[in-house]
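Beneath this line is the structure, given in structure tokens, with notes to follow.
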Protein chains: 2
Amino acid sequence: MTEGTYRGKPRVTAASIAVHTGLSRATVTHVLNGHADEQRIRRETQQKVLEAARLLGYRPNASARALHTGKTGTAALIQSLSAAYLPERLLLGLTEALSENNMYLTLAEVPDAVLDDRSYLPKILREHTVDGLIINRIVDIPDSFIEEVNRLNTPVTFLNVNRPWDAVYPDDFNGGRMAANYLIGLGHTRILYLGSYVNCPLHYSQIDRRDGYREAMFQAGLQQRELLLPADPPTHIEALNDKRVQVMRTYLENTPYRPTAIVAYELAEALAVLHAAHQLQLRIPQDLSLAMFHHHMDFRLCVPVTTFCNGMHIVGREAVSLLLQKIDTPGVLVPSRMVPIELIEGATCSPPTG
Amino acid sequence: MTEGTYRGKPRVTAASIAVHTGLSRATVTHVLNGHADEQRIRRETQQKVLEAARLLGYRPNASARALHTGKTGTAALIQSLSAAYLPERLLLGLTEALSENNMYLTLAEVPDAVLDDRSYLPKILREHTVDGLIINRIVDIPDSFIEEVNRLNTPVTFLNVNRPWDAVYPDDFNGGRMAANYLIGLGHTRILYLGSYVNCPLHYSQIDRRDGYREAMFQAGLQQRELLLPADPPTHIEALNDKRVQVMRTYLENTPYRPTAIVAYELAEALAVLHAAHQLQLRIPQDLSLAMFHHHMDFRLCVPVTTFCNGMHIVGREAVSLLLQKIDTPGVLVPSRMVPIELIEGATCSPPTG
DNA sequence: TTGAAAGCGTTACCAC
DNA sequence: GTGGTAACGCTTTCAA
């Protein structure tokens, strides 16, 4: 018996079609793969094959093809379970670009413990399942992990990490400069950079945005001011009396020469500003301008906060393009690509009054 | 030559190990698959095999295994490109549960156009690439699409859609009741249900939450009040003068016997309430209590809004469990599972004052 | 304990 | 134009 079964129904393979049409397997696959004309197969025969395929509900078996071609047609997105940064647009950019190349994205969350244990590799890396890996901003990737990955001989691209090779990430340094210069251009001189304390090693974006801000302020001959809010509230209870808003309010109340504009590292900091300002009856933007970094302009906030957008959609697409390049010509180091930050004007910035 | 090459380096297969150790292929795979003891293979031999595997950097080829077993070890998440609802916790629940069963999640976004064109099936459905499909809340799934999917003989689970079979979704009707009863329990009598107009067919959750609210109010002998905000602002310009907040404010200002509590359909509606209340100098919760539905308590808002949480993490896990069941015993209809809504108390609800 | 061999569904080369 | 056939890497049954 040459035909397997599935759920009681016969499994339809290329062979089934051959049997059904009375042709050979080769002829069938030639037609199915579009080599029909090249092989000068009769129109009539082609029709017969296609008709049979449709009739029988033939679906090619991807595993079999993969076994033969050596390509699975998938890329894996690897990220740490606890600290995943996966905005919808990033996901969209990745799947979209992969799909345009007839590939799929496979998700592989990695428990953090694994990253520390140098002897253990996650299953997706221990097997030969994907054509390439996209490693997404694993905080403080251990060298041992990178080493293991390199030994795999599988093409790898890094996402949202500022490595010199094989990475795609937003140009946050220039973003920081842009944000500061934008406010300077509006006439502000007392501009605060607002970040947060974190419990883990700094992400490059935390450094670069701030440094870009510093550079712009320096160039303009303005005094740099920086404030760090307490770390994000980890638990429910702490959220109830949000320390972060409190710190922000205290700062705005007590600082001599109160800033007239703020560059916020991310949405979380911007929200703290909005709340503190509300509590202090400071009007935005009349009394205080606010700009932030984020992956999109979030309309649901009801306040269109002027946003320096880190183009995650493009980051995703570029990452795929870089990965495909590495799959095509393996073994070469590709210079990293930076994606420009883009300003989306909102309603929270205006020239300083008074 | 029996060994293929990849990037100039020899490709390591089970055969390589056999050659390297001087054993047969079968012995090697027996050891590799843990059938060693069962096959009573010498300890010493086992060691030799494992050692060689480690040394050569052997990684089993998933395609080859899949070809033989008929299982690829992946499930596809199918969703419409435009209206994807993919909270992180849902994704986490899915990947987590799949990973516990040694499976992966493959993402397959489907352009909306495809859903309308009954003759066209997305690539992932046209091929035999995954063991099962998880179809996520595709707004208004056309019957023709369901029909096509059923013809595939591939196990399917639906997510966030209230179908009687093969679906997993939050119990939004009971959620609506819970929310209303919670506020009633606090002593409120003037409770508003707040939704939004939408441009597409209603999602079941929009109906069920409201109906649950209605039922609870009816049971308590209280008057039902409902307000629909204008549709979400689609463009930047419209966001600048947010109609939604305006409508909300007008309502709160002008309604006789202003509600003392509001049940909001989702975060977006809750934010409109928060902003309108601010503008009207209404204190929350003293002057106005607020509860909403969402997939988690969003701490970044700085206001811990009392949240009726739709347990997307569990929904994801249950969907996988249901899918696995369908993969194991194909062809049977499985009754859908509803996931209970869970209350997470915040700081926006209190007994009415005055 | 170990080895030989068949087969999974596709592809592609090489005869006819 | 068409039809054998080997190969991809793995699993599993059956002999030895």
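Side chains included, hydrogens not; waters and symmetry mates left out as well; all remaining heavy atoms used. Keep in mind that what you see is a predicted model, and the values were worked out from it rather than measured. A, B, ... follow the sequence lines: proteins, then strands. Residue 1 opens every chain.
- Taking atom CG of residue A/L67 and atom P of nucleotide D/dA6, one finds them 17 Å apart after rounding to whole Å.
- When rounded to the nearest whole Å, the span between CD of B/E127 and P of C/dT10 equals 10 Å.
- The number of heavy atoms from other shown groups lying within 6.0 Å of CG (A/D328) is above 12.
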Exercise. Might you work through the side-chain contact (heavy atoms from CB on, under 4.5 Å) test for B/T13 and B/N61, ending with a clear yes or no?
Key: CA-CA 8 Å; B/T13 72; B/N61 182 315; over 6 Å; no
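- Atom CZ of B/R25 sits in a sparse spot, with 12 or fewer heavy atoms from other residues, nucleotides or ligands closer than 6.0 Å.
- More than 12 heavy atoms of other residues, nucleotides or ligands shown are found within 6.0 angstrom of CZ on A/R126.
- Within the 4.0 angstrom heavy-atom criterion, no nucleotide atom of any strand lies near A/S63.
- For B/D143, the CG atom counts as loosely surrounded, since its 6.0 Å shell holds 12 or fewer non-hydrogen atoms of other residues, nucleotides or ligands.
- Phosphate proximity of D/dG9 to B/R65: absent, as no side-chain N or O sits under 4.0 Å from OP1 or OP2.
- Considering only side-chain atoms of A/N61, the nucleotide from D/dT11, D/dG9, C/dT10 that sits closest is C/dT10.
- Between B/T45 and C/dT2 there is a side-chain polar atom (N or O) within less than 4.0 angstrom of OP1 or OP2.
- Legend: residues meeting ring pair (Phe, Tyr, Trp, His ring centres under 6.0 Å) with A/Y169, ordered by chain and number and at least two apart, are A/Y204.
- D/dT11 atom P lies 16 Å from atom NZ of B/K71, rounded to whole Å.
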Please list, for nucleotides 3-6 of chain C, all pairs of protein and nucleotide N/O atoms separated by less than 3.5 Å.
unit_1: C/dG3; atom_1: OP2; unit_2: B/S24; atom_2: N; d: 2.7
unit_1: C/dG3; atom_1: OP2; unit_2: B/S24; atom_2: OG; d: 3.4
unit_1: C/dG3; atom_1: OP2; unit_2: B/T27; atom_2: OG1; d: 3.3

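- Applying the 4.0 Å criterion to OP1 and OP2 of D/dT11, one finds that B/N33 has a side-chain N or O inside that range.
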